[in-house]
Amino acid sequence: MKVFISADIEGITGVATIRQLTVPGEYNRFRKLMTAEVNAAIRGAFNGGATEVVVADGHGNMSNILIEDLDPRARLVSGNNRVMCQLEGLDESFDAIAFVGHHGREGESHAVISHTLAGICVKEIKINGAVVGETEMNARVAGHFGVPAVFISGDDLYVQEVMETLPNVKSVVTKYAKDRLAAELLSPAVVQSEIEEQMAAALQEIEAARPCGHEGPVTFEIEFKGPQQAHMTTTLPTVEALSPTRIRFTCKDMVSAYKHMWGCVIIAMAATNGVLGDANA
Ligand SMILES: [Zn+2]
C-alpha cells in the first residue's frame with residue numbers, strides 16, 4: 001500500500017504565531033517539530049499496512065522538513081519549483097493521502113494562521129461554486145487519481161472546517177485556536193502518539209474510504225486581495241476577469257485546473273509589487 005503525506009507547518013502543535021515561522025532561531029525549532037509530527041504519521045502509516053510512503057513538504061519554500069531526521073522508510077519531495085504545488089509526486093499508484101499540520105482556509109474563522117496557499121494574495125478560492133481551503137482542494141485533486149483522503153491533523157477549527165466536506169477522514173486536533181495568532185497547545189508527545197494511532201487506524205479501514213472525484217470540466221474562481229494581482233493573471237487567455245479582483249477559468253479536469261490555479265497564484269504573488277521588480281529599470 002502506497003501512502004502520500006502532504007505536510008504543512010501552521011497546523012502542528014507549538015505554532016501559534018507567524019513570527020515563530022520567520023525568525024531564524026524560532027523557525028528551526030518548528031522545522032524539528034514539523035519533522036517529528038510527520039515521522040509520527042509515517043510510523044502510523046507503516047503500522048497500518050503501508051509499504052511505501054512519500055512525503056511532500058508543502059509550506060513556504062517547501063523545504064522545511066529535515067531529511068536527516070526523517071524516518072528513513074519514507075521519501076521526501078522538497079523544493080518549491082513544482083507544477084503540482086503541494087501534491088508533487090502524487091499519481092494513481094497511491095492508495096491514500098493524508099494531511100499533516102494543515103490549517104484553516106482564508107476567511108473569517110480564528111483558525112491558527114488561516115490562509116489559502118498564499119496569504120499575500122489569495123482571498124478566496126471556489127471550485128465549481130464551493131469555497132475550498134487547501135485540504136479540500138488537494139483532496140479533489142487526489143480524487144482525480146482515485147486516491148482517497150483518509151487522515152488530517154491541525155487545530156480544532158481546521159478539523160471542523162474540513163470535516164464538513166470530508167466527514168469520513170480520521171482526524172487529530174493538535175491545538176485549540178484562541179485567535180488567528182494564539183492557541184492553546186497540546187504537548188508534542190501527546191499529539192505525536194495520537195497521530196501515529198489515528199493514521200494506522202485510517203489505513204486499517206481503507207476499504208471504506210472513497211475518493212473525492214469530479215466528473216467533467218472544473219471551474220475555478222479566485223478572489224485576490226489586490227487588483228494588480230488579479231489583473232496580471234489575465235495575461236493568460238484562459239482567464240476571465242469577473243471584477244477588478246475576481247477571476248475565473250475552466251479546465252478539462254481537476255489536475256489541469258489545479259496547475260492552472262497554481263500558475264495564477266504564482267503570477268499574483270509576483271505581481272504584488274510589480275512582476276519585473278527593478279529588473280528592466
Ligand atoms: Zn504553510
Side-chain angles (χ1 to χ4, degrees), residues 4-24 26-41 55-67 70 76-82 84-90 97-107 109-125 132-139 141-142 149 151-159 161-162 171-175 177 179-183 185 188 191 195 222 225 258 261-262 265-266 268-269 272:
F4 193 92
I5 297 175
S6 167
D8 208 339
I9 202 167
E10 290 88 349
I12 68 166
T13 188
V15 176
T17 75
I18 293 168
R19 198 178 151 75
Q20 290 171 317
L21 303 179
T22 51
V23 174
E26 283 286 281
Y27 168 64
N28 284 332
R29 277 180 68 209
F30 294 102
R31 293 178 80 176
K32 287 199 184 107
L33 285 170
M34 179 191 190
T35 306
E37 278 192 24
V38 171
N39 276 338
V55 178
D57 189 328
H59 171 73
N61 62 11
M62 302 190 191
S63 49
N64 310 277
I65 293 171
L66 301 164
I67 185 66
L70 194 69
L76 176 65
V77 180
S78 188
N80 67 358
N81 258 21
R82 305 182 190 174
M84 284 291 284
C85 191
Q86 290 178 322
L87 299 179
E88 194 70 57
L90 182 68
I97 184 167
F99 299 92
V100 174
H102 276 260
H103 50 81
R105 70 174 85 107
E106 177 85 26
S109 94
H110 292 306
V112 177
I113 320 182
S114 56
H115 66 282
T116 305
L117 281 173
I120 195 169
C121 61
V122 175
K123 194 160 178 206
E124 182 183 83
I125 295 183
V132 294
E134 295 171 27
T135 301
E136 299 96 319
M137 175 160 49
N138 290 338
V141 178
F151 174 90
I152 60 169
S153 68
D155 73 54
D156 58 327
L157 297 180
Y158 158 77
V159 167
E161 190 175 283
V162 171
S171 62
V172 171
V173 169
T174 59
K175 56 195 167 191
D179 179 272
R180 186 169 178 267
L181 298 176
L185 306 168
V191 167
I195 288 177
I222 308 178
K225 292 186 176 175
Y258 182 70
M261 172 285 300
W262 182 225
V265 171
I266 290 170
M269 284 191 278
T272 305

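Counting convention: from 1, in listed order, for ligands and their atoms alike. Values below: every heavy atom of this structure, side chains too, minus hydrogens, waters and symmetry copies. Starting from 1, each residue takes its place in the sequence as its number.
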Quiz item: Which of these, H102, E134, H59, sits in a side chain to side chain donor-acceptor pair (under 3.5 Å) with Q86?
Solution: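 Exactly one pass, corresponding to E134.
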Exercise. Identify the residue among H103, R180, R105 that makes a side chain to side chain donor-acceptor pair (under 3.5 Å) with H115.
Key: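 Filter result, single survivor: H103.
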Quiz prompt | Within-2.8 Å protein N/O/S contacts of the Zn ion (ligand 1) | solution = D8 OD1, E10 OE1, E10 OE2, H59 ND1
Quiz prompt | Whether E106 side chain and K123 backbone form a donor-acceptor pair below 3.5 Å | solution = no
Exercise. Indicate yes or no for a side-chain donor-acceptor contact from S6 to the backbone of A56 under 3.5 Å, with no hydrogens or angles considered.
Key: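 Pair absent, no side-chain N/O of S6 close to backbone of A56.
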Practice problem: Please list, chain by chain and in numerical order, all residues satisfying side chain to side chain donor-acceptor pair (under 3.5 Å) with T116, sequence neighbours excluded. | Solution: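 None.
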Quiz item: Does atom CG of N81 have more than 12 heavy-atom neighbours from other groups under 6.0 Å away?
Solution: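 Open.
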